[in-house]
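Here is the structure we will look at.
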Number of protein chains: 2
Amino acid sequence: MADVTARINPLFLRDEELRQGIEFLYFAYREFTKEPDTILSEQGLGRAHHRTIYFVGRQPGISVSDLLSTLRITKQSLSRVLSQLLKEDYIRQRPGLRDRRQRLLELSPKGVELERKLTENQRKLLARAYREAGAEAVEGFRKVMLNIMSEEDRAHFPAQTTPPLPGWRGTGGGAS
Amino acid sequence: MADVTARINPLFLRDEELRQGIEFLYFAYREFTKEPDTILSEQGLGRAHHRTIYFVGRQPGISVSDLLSTLRITKQSLSRVLSQLLKEDYIRQRPGLRDRRQRLLELSPKGVELERKLTENQRKLLARAYREAGAEAVEGFRKVMLNIMSEEDRAHFPAQTTPPLPGWRGTGGGAS
DNA sequence: CGGTTACGTCAGCCATGTTGACATATCCCG
DNA sequence: CGGGATATGTCAACATGGCTGACGTAACCG
């Protein structure tokens with residue numbers, strides 16, 4: 001009986017497949033942020049703080065403007081979040097060496113601890129999903145996700161043919 | 001040189017792989033919602049309206065409580081959004097036949113039009129990503145995404161061995 | 001020296017989530 | 001039939017995290 005639908009309307013399956021994809025994004029993202037959100041709210045922080053902590057942990061010494069272009073929010077929005085993280089000593093800043101106007105950001109020990117706790121959670125979720133889906137599926141997942149994201153964001157990831165390297169976003173070692 | 005890292009610290013690649021996965025979710029989701037958000041704001045609507053319109057379009061005749069459990073938000077949050085959509089005739093409601101306490105929701109022609117416009121956009125983005133990644137990759141994407149989402153949400157999707165059917169969430173024809 | 005850049009801040013607005021309390025209509029069981 | 005449970009709606013208040021606009025300071029650089 002199921003085949004009848006496909007025979008009658010071959011476009012239907014295509015539409016259904018794409019709608020499922022839409023829902024995958026929604027449901028997976030929701031699950032992905034659920035636990036971290038809970039942990040964060042216990043510390044009086046929110047998802048925006050998570051993102052900031054995450055990317056500062058990812059690129060220690062990142063400048064404010066680089067962080068802004070990664071997050072693509074306004075400086076006023078970041079400011080609110082960043083000020084709190086500085087005040088509560090999750091993040092520390094030091095002036096840039098070459099350009100003393102810059103405030104280079106890095107996690108404090110307290111920030112490292114929280115980052116670990118939050119990311120650990122998402123890593124476990126992902127690791128489980130990867131394991132249950134299998135290596136080949138992970139490669140497919142990677143391909144599709146890279147194609148969904150904007151070209152600019154995609155450029156931050158090395159091609160899969162070579163193993164991923166630490167110098168994410170090309171600002172690897174030095175300041176940008 | 002790149003291999004040195006892997007030899008020195010074999011766990012590093014694993015961590016890097018998982019961190020990239022985290023970023024895939026963030027960047028892809030951001031891109032996925034970008035265009036619809038723009039379209040919506042032109043109509044004085046937001047992402048929450050999109051979700052409501054989407055799921056009402058997906059399951060015409062859905063009850064408010066079923067919609068609530070799909071969205072997993074409070075009735076007060078939904079109410080604000082739904083009231084506006086009713087008032088501006090994107091969505092219409094009729095009492096349930098068997099249970100007249102229910103308000104069964106469906107899209108008006110205006111709502112269908114907007115839903116088409118919004119979903120069309122995401123479908124195109126996904127279709128392009130699927131096309132460029134290839135059928136095998138899509139299958140992997142599907143597997144990983146299903147494993148990321150909660151078991152409850154996952155249950156709404158038929159197993160991939162049989163072609164997907166319209167009766168999504170098991171409430172296909174009847175009321176739940 | 002003067003324009004540009006990096007960063008910060010104040011003030012206000014909006015969308016969307018939350019909790020708590022309460023109201024109404026309908027259903028269904030005993 | 002009566003009363004508890006259910007489906008829905010509503011008022012009020014609050015938090016988060018986006019946004020715009022305006023303005024200020026310090027440092028860089030030609």
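Every chain is numbered from 1 and lettered A, B, ... according to where its sequence line falls, protein lines coming before strand lines.
- For Arg98(B) and dT6(D), the shortest distance from a side-chain N or O to OP1 or OP2 is not below 4.0 Å.
- Nearest-nucleotide positions on DNA chain D place Val64(B) closer to the 5' end than the other of Gly44(A) and Val64(B).
- For the OP1/OP2 pair of dG9(D) and a distance below 4.0 Å, the side-chain nitrogens and oxygens of Gln102(B) include no atom meeting the criterion.
- In terms of position along DNA chain C, the nucleotide closest to Gln93(A) lies nearer the 5' end than the nucleotide closest to the other residue of the pair Gln93(A) and Arg80(A).
- Rounded to an integer number of Å, the gap from CD1 of Ile39(B) to P of dA15(C) is 18 Å.
- Look at Arg123(A) and Glu120(A) and you find a salt bridge, because one of the NZ, NE, NH1 or NH2 atoms lies within 4.0 Å of a carboxylate O, short of that distance.
- Contact annotation for His49(A): backbone-only contact, meaning every heavy-atom pair under 4.0 Å involves sugar-phosphate atoms and none involves a base.
- Taking 4.0 angstrom as the limit, Ser79(A) places none of its side-chain polar atoms (N or O) nearer than this to OP1 or OP2 of dG8(C).
- At a threshold of 4.0 Å, the pair Asp89(B)-Lys110(B) does not count as salt-bridged, since none of the basic side-chain nitrogens sits closer than that to a carboxylate oxygen.
- In this structure, the NZ atom of Lys75(A) is 11 Å from the C1' atom of dT5(C), given to the nearest Å.
- Of the side-chain N and O atoms in Ser65(B), one or more sit less than 4.0 angstrom from OP1 or OP2 of dT8(D).
- dG18(D) atom P lies 12 Å from atom CD of Gln76(A), rounded to whole Å.
- Distance Tyr26(A) OH to dT16(C) P: 12 Å, rounded to the nearest Å.
- dA7(D) atom C1' lies 13 Å from atom CG of Leu78(B), rounded to whole Å.
- For Ser77(B) and dT18(C), the shortest distance from a side-chain N or O to OP1 or OP2 is below 4.0 Å.
- For Asp99(A), the listed nucleotide lying nearest its side chain is dC28(D); candidates were dT8(D), dC28(D), dG17(C).
- Salt bridge annotation for Glu136(A)-Lys143(B): absent, with no cationic side-chain nitrogen under 4.0 angstrom from a carboxylate oxygen.
- Separating the CG atom of Leu104(B) from the P atom of dG9(D) is a distance of 11 Å, rounded to the nearest angstrom.
- Residue-to-nucleotide proximity on DNA chain D shows that, of Arg100(A) and Ile73(A), the 5′-proximal contact is made by Ile73(A).
- Rounding to whole angstrom units, CG of residue Leu71(B) and P of dT16(C) are separated by 12 Å.
- The closest side-chain heavy-atom distance from Ile148(A) to Phe24(B) is not below 4.5 Å.
- No N or O donor and acceptor, one from the side chain of Arg101(B) and one from the base of dT8(D), sit under 3.5 Å apart.
- Gln84(B) comes within 4.0 angstrom of no nucleic acid atom, judged by non-hydrogen atoms across all strands.
- Taking 4.0 Å as the cut-off between side-chain N and carboxylate O, Arg142(B) and Glu17(A) do not count as a salt-bridged pair.
- In this structure, Lys87(A) atom NZ and dT9(C) atom C1' are separated by 14 Å, rounded to whole Å.
- Salt-bridge check for Arg128(A) with Glu132(A): passed, with a basic side-chain N closer than 4.0 Å to an acidic carboxylate O.
- Counting non-hydrogen atoms under 4.0 angstrom, Arg47(A) reaches the backbone sugars and phosphates but no base.
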